[in-house]
Amino acid sequence: MFEIITDKKLFQFKGSKNTPIREFKISAPDKEILLVDFLSKALAFSEINNEFYFDAFFDVFDENIAVGFFLGLPLEKKAIEIKGVSYHNLKIFQNKEKEWQAIILFDL
Amino acid sequence: MSKVNFEDFKKINDYLWEISPETFKKMKVPVRVYESKDILLDSLKDNSLNQLINIASLKGVKDYALAMPDIHEGYGFPIGGVAAFRAENGRILPGGVGFDINCGVRLLKTNYQKNEILNFKNYLLNELFKQIPSGLGKKRKAIFSFKEIDGILNKGVDFIIEKGYGLAEDKEFIEDRGSLSPADASKVSFIAKQRGINQLGTLGSGNHFLEIQEVEEIFNKRVAEIFGISKGQITIMIHTGSHGLGHQVATDYLKKFLLKSKGNLIDKELVPMPFLSEQGQNYFKAMNAAANFAFVNRQLITYFIRVSFKKILNSKTEDIRIVYDLAHNIAKLENGLLVHRKGATRAFPADHQSLPEKYRKIGQPVIVPRTMGTNSFILIGTLSAKKSFYSVCHGAGRIMSRKKLQKQFLAKKLLNN
């Protein structure tokens, strides 16, 4: 999500001692709600703190719960503004390589 | 999902088509579409009319699920869709309001003619850009404290007019006088308030705009005179809403409703909640609060437009007045019904008690913006809108997705044209 909000090149950065950390704790009855809530949380943190997040670390993570923190950087310029995360035509699936993929529509 | 075809429609007249509830088993009321045949055929290309069938299948839905002429596919509930639910046993749908709660339009009239401002156009535009942050992620230094944000959410425009951000008469020309109730700031999350605090008095991005316009043609002299509109006059149109605060309210309550929902949902974006339930009432109060925030946002933009005109043209506050301000993403209690309008405009007829005294003899102004650079229209509500719960279109509609548009109209090509 933040790759389209800001400059993709910034994602090479791996953080420093001043890297902003934002903690999250999300629970949901299914993985769709969990994913939308997770992304919505990142979006809200981003808008409030003027940051983008290039990584997320999980202390707990399964289909119904996600606890961890985002690692961020100051967001200087937006390439696009994402205002919300929708459930519209949302698909979460495993591809042939058994990797998880999601198709998600953002409200611009 | 049931797939609707042109053959499913019965023609009522050249501009009204209906699908009866017998067509699809789950439907509780008919679907009615206010479109010409050509536009209807276009509407069948996206999923909007199937979404309308889903709405016609919800418990407590009254009379019809309606499509305005500018309908297009939305999240769960189509944009340009209207549905009313009985207050006593009906449902409230965050998806039927949309993410940008009280996205709406305000029209200002000025005491200027085109030739009086033409030489100052660039100065005026620069000043407006300076006074009103607009575009991607643009914020401003917070004008109000969090305590004051609560006042804005609870009271709407009244709260800031008392502080000097407008004329006392301004609120007369705002739908519901710029203050929806019941509104309760305590039902709006702190995250939502944090998202909104720096966005009050900003235009935002996407299809939001501020346009300086010239009145080109008058179709009804009497009505125009009452609006105070004449040929050659400069008007200003504002299209914006509740920004991140409204989005967060929608996000928060969609999740709350999903956690409470039982059984299979047709579409998660269409999750309903009994209107009179605690959660339903909480959303209603939070939605009204977010709507008040949007009314205040448009009022603050008006304030900064007045500041800009004063600085460049030495104008007085009274030189810029409101013709009308309306919401086109909202759910409202009207005559015992909860009417959801998502991308649709309320259009009350003459003599309606909700109208400002000045407009009571002619009907509610209905502001219909079109694509920037093309003409916009001011219409009036009439009695014939009764069958659509006094609702009409909200804009030009969308014949192409943004993605398709971007592919066809590269910036370079657009600039060359």
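Not measured: the values here are computed from a predicted model.
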*Would the number of heavy atoms belonging to other residues, nucleotides or ligands and lying under 6.0 Å from CD of A:Q101 be above 12?*
yes
_Heavy atoms of other groups near A:E76 CD, more than 12 under 6.0 Å_ = no
_Looking at every heavy atom in both A:F106 and B:Y75, which two are closest together, and how far apart are they?_
O-OH, 3.6 Å
*What distance do A:D37 atom CG and B:L254 atom CG have between them, rounded to the nearest 0.5 Å?*
10.5 Å
*To the nearest 0.5 Å, tell me how far B:L259 CG sits from A:S27 OG.*
7.5 Å
*Above 12 or not: heavy atoms from other molecules or residues under 6.0 Å from CZ of A:F58?*
yes
*Please state whether the side chain, the backbone, both or neither of B:Q248 comes within less than 4.5 Å of a heavy atom of chain A.*
side chain
*Is chain B contacted by the side chain of A:L90, its backbone, both, or neither, given a heavy-atom distance below 4.5 Å?*
neither
*Taking atom CG of A:L43 and atom OG1 of B:T251, what is their separation to the nearest 0.5 Å?*
8.0 Å
*In Å and rounded to the nearest 0.5 Å, what is the NZ to CD1 distance from B:K193 to A:I48?*
12.5 Å
*For atom NZ of B:K138, decide whether the heavy atoms of other residues, nucleotides or ligands shown that lie under 6.0 angstrom number more than 12.*
no
*Looking at B:A192, B:G74, B:A250, which one has more heavy-atom pairs under 4.5 Å with chain A than the rest?*
B:G74
*asked:* Tell me the closest heavy-atom pair linking A:K83 and B:S205, and the distance in Å.
replied: NZ-O, 3.2 Å
*Examine whether an atom of A:I26 lies under 4.5 Å from a heavy atom of chain B, and if so say whether it belongs to the side chain, the backbone or both; otherwise answer neither.*
side chain
*Strictly by modelled atom types, are A:E47 and B:H247 linked by a side-chain donor-acceptor pair under 3.5 Å?*
no
*Any chance you could measure B:L258, atom CG, to A:D30, atom CG, to the nearest 0.5 Å?*
8.0 Å
_Heavy-atom closest contact (B:E269 atom, A:Y87 atom, distance)_ = OE2-N, 2.5 Å
*With rounding to the nearest 0.5 Å, note down the distance linking CG in B:N207 to CG in A:L108.*
10.5 Å
*B:G135 to A:E81 - nearest heavy-atom pair and separation*: O-OE1, 4.1 Å
*Please look at A:V36 and chain B and tell me whether the side chain, the backbone, both or neither of the residue comes under 4.5 angstrom of a heavy atom of that chain.*
neither
*Any idea which heavy atoms bring A:V85 and B:F99 closest together, and the distance?*
O-CZ, 3.5 Å
